[in-house]
Amino acid sequence: MSNQNKVKGANATKPWWHRLTLRQITAVLLAILAVIFIGQNRQEATVSLLFVTVTLPLWITLACATVVGIAVGWLAHRRSA
């Protein structure tokens, strides 16, 4: 049995939270923080985009901005070979 197989076997017996990377933990914490921030900002807001102006709850604006940010990050993400 090679060292690589031993590491995979040892890793498989650990609970799922021990296999999380720092990047994954940071992403989860930021997502929780975004949900809390969105939930606490529920007043009305006027939003303008190009030639359109609308008034809607601020949480909807923040949620849309968060989704757009996630989409941009996902599209811009480059995997290393």
Side-chain angles (χ1 to χ4, degrees):
M1 182 182 270
S2 69
N3 284 339
Q4 194 172 22
N5 287 340
K6 288 180 185 177
V7 171
K8 284 182 182 179
N11 221 7
T13 60
K14 290 183 180 179
W16 64 270
W17 60 87
H18 285 209
R19 293 189 301 257
L20 292 176
T21 64
L22 182 59
R23 181 181 233 171
Q24 292 169 327
I25 293 169
T26 303
V28 168
L29 291 176
L30 286 174
I32 291 169
L33 187 63
V35 168
I36 292 169
F37 182 71
I38 289 169
Q40 289 182 334
N41 290 281
R42 294 182 300 233
Q43 63 272 21
E44 293 288 315
T46 301
V47 180
S48 299
L49 179 64
L50 298 176
F51 305 107
V52 179
T53 301
V54 294
T55 301
L56 61 153
L58 184 57
W59 72 268
I60 292 175
T61 306
L62 293 170
C64 290
T66 301
V67 169
V68 168
I70 290 169
V72 168
W74 181 72
L75 291 170
H77 178 70
R78 297 176 66 182
R79 290 188 177 193
S80 52

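Note that the structure is a prediction, hence the values are computed from the model and not measured.
Taking Ile, Leu, Val, Met, Phe, Trp and Tyr as hydrophobic and joining them when side-chain heavy atoms fall under 4.5 Å apart, one finds V67 isolated, its cluster having no other members.
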In residues 27-52, what donor-acceptor pairs under 3.5 Å come from side-chain atoms, sequence neighbours left out?
| unit_1 | atom_1 | unit_2 | atom_2 | d |
| --- | --- | --- | --- | --- |
| N41 | ND2 | F37 | O | 2.7 |
| R42 | NH1 | G39 | O | 3.4 |
| T46 | OG1 | T55 | OG1 | 3.4 |
| S48 | OG | T53 | OG1 | 3.2 |

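With rounding to the nearest 0.5 Å, the separation of CD1 in I70 from OG1 in T66 is 6.5 Å.
Residues L58 and V54 share a single hydrophobic cluster, defined by chaining ILVMFWY side chains whose heavy atoms lie under 4.5 Å apart.
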